[in-house]
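To start, the structure under review is shown below, and the notes come after it.
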Amino acid sequence: MSAVNNLAAKLTVKRDLSPEGRVTNYKGRIRQAMMAIQMNLTKLVLLNLLMVVACAPLIAMYFVTRSQEQAVVAGLNFSTGIGVGFGVVDDTLIAIEKIYDIRLMGYGLAIFPTCLLVGLFASGLYYCCRNMLWGAKVKVVSHFFRGVKRNWYKYMLSFAWLGALATGFACSLIMVLKENALSGAANAGWWVLMIACAVIAFLSALYMAVGQGMYVCYKYTMKEYIRNTACLTLIMIVPTVFVTLFFAGVMALSFVNILGIFILIMMVMIGFSAYAMFNVAFSQYVTDNMIAYLYEEQEKIKAKEIEKLNKQKNKEKKKQQQTKAPQYGKKKKKK
């Protein structure tokens with residue numbers, strides 16, 4: 001038995017929550033997601049504004065740290081480096097240290113609670129995107145809060161894990177930059193922590209590429225979600241890695257000056273909703289090709305077995321009727 005068959009055998013196969021008759025072998029998932037976005041653009045923009053609100057702690061911390069950095073720099077002297085201010089101590093290193101300390105405290109405190117809020121709001125967003133992909137009517141307010149009620153703990157657990165990794169990566173990165181700026185080399189421990197967080201975060205992103213959509217499309221226990229997502233991610237590892245790297249690349253471009261402003265505007269307008277829509281579409285592509293397919297095959301086997309049993313029962317009934325029926329035309333022999 002191949003590795004794929006071994007992984008497929010460990011899947012918990014169950015019908016998804018979609019309406020009867022949904023097409024599971026849909027061709028063109030990108031086109032499907034684009035059509036859903038086009039048909040529900042206004043609703044997705046409203047949902048995206050809710051996701052921007054969820055990022056409020058991080059946004060607020062960004063502006064707070066910027067103002068604190070400006071306040072720190074304002075009272076320091078940087079003139080001795082250009083030959084002015086003889087006998088005055090140059091405060092450049094002090095400024096660098098204080099700026100990095102402000103960023104360390106700010107982002108260290110803001111990232112995790114932001115991820116928790118994003119996870120809470122994402123449970124409603126993904127629920128609405130699922131309905132849009134299935135062609136169901138969506139009422140933004142009622143369906144959003146229905147999705148939060150049914151799925152909040154799943155998404156908050158995922159985003160809490162992601163928030164912990166993001167906090168560890170951000171803090172270790174700031175420490176590496178700080179020590180490089182101050183002494184020319186960072187402690188090896190910070191490098192190890194940063195790389196470890198980055199690798200685990202990438203593996204977690206692979207999991208989330210499949211699992212986030214499955215949370216709203218199937219009804220499993222948390223253990224079954226984790227096992228099914230892990231198995232499906234390994235089975236479909238090539239497309240999952242490609243999709244993850246694509247979205248990671250888009251986020252990386254946000255650090256480029258001109259592109260960063262454009263991407264930021266798009267994120268505020270519809271970026272979160274568009275990502276959720278494509279995420280659910282990709283997750284459905286994976287589950288439809290494995291779980292839905294195996295479920296349909298099992299149903300066919302069950303139907304054949306039931307049909308076979310019914311035929312067997314009918315044969316037995318006919319035999320019983322023939323043995324019980326009175327026999328005419330036969331004369332008894334005289335003794």
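- Using a 4.0 Å cut-off between a side-chain N of Lys or Arg and a carboxylate O of Asp or Glu, Lys219 and Asp16 do not qualify as a salt bridge.
- Salt-bridge formation is detected for the pair Asp288/Arg29: a Lys NZ or Arg NE/NH1/NH2 atom is positioned less than 4.0 Å from an Asp or Glu carboxylate oxygen.
- Sorted by first and then second residue, the salt bridge (Lys or Arg N to Asp or Glu O under 4.0 Å) pairs with a member in residues 157-181 read Asp101-Lys178; sequence neighbours excluded.
- Between Val118 and Cys55, the shortest heavy-atom contact is CG2-SG, 4.0 Å.
- In this structure, Leu125 and Leu50 have side chains that are not in contact, with every pair of non-hydrogen atoms separated by 4.5 Å or more.
- For Arg103 and Tyr107, the positive end is not near the middle of the six-membered ring at less than 6.0 Å and at most 45° from its axis.
- Both Phe121 and Tyr153 are assigned to one and the same hydrophobic cluster, defined by single-linkage of ILVMFWY side chains at heavy-atom distances under 4.5 Å.
- The pair Lys302-Glu305 does not meet the salt-bridge criterion, since no charged nitrogen lies less than 4.0 angstrom from a carboxylate oxygen.
- Although no hydrogens or angles enter the test, the distance criterion places a donor-acceptor pair under 3.5 Å between the side chain of Tyr220 and the main chain of Thr12.
- The ring of Tyr155 has its center closer than 6.0 angstrom to the ring center of Tyr215.
- In this structure, Thr229 contributes its side chain and Tyr225 its backbone to a donor-acceptor pair below 3.5 Å.
- A continuous path of hydrophobic side-chain contacts links Val141 to Leu41 [ILVMFWY only; heavy atoms under 4.5 Å].
- Here Phe144 and Tyr127 keep their ring centres 6.0 angstrom or further from each other.
- Remark: the backbone N or O of Leu58 is paired with a side-chain donor or acceptor of Thr114 at under 3.5 angstrom.
- Proximity of a side-chain donor or acceptor of Asn131 to a complementary backbone N or O of Lys137 within less than 3.5 Å is not detected.
- By the 4.5 Å heavy-atom criterion applied to side chains, Leu206 and Leu203 are counted as neighbours.
- In this structure, the side chain of Arg15 does not engage the main chain of Tyr295 through any donor-acceptor pair within 3.5 Å.
- The main-chain N or O of Leu11 is never found under 3.5 Å from a side-chain atom of Asn228 such that the two would form a donor-acceptor pair.
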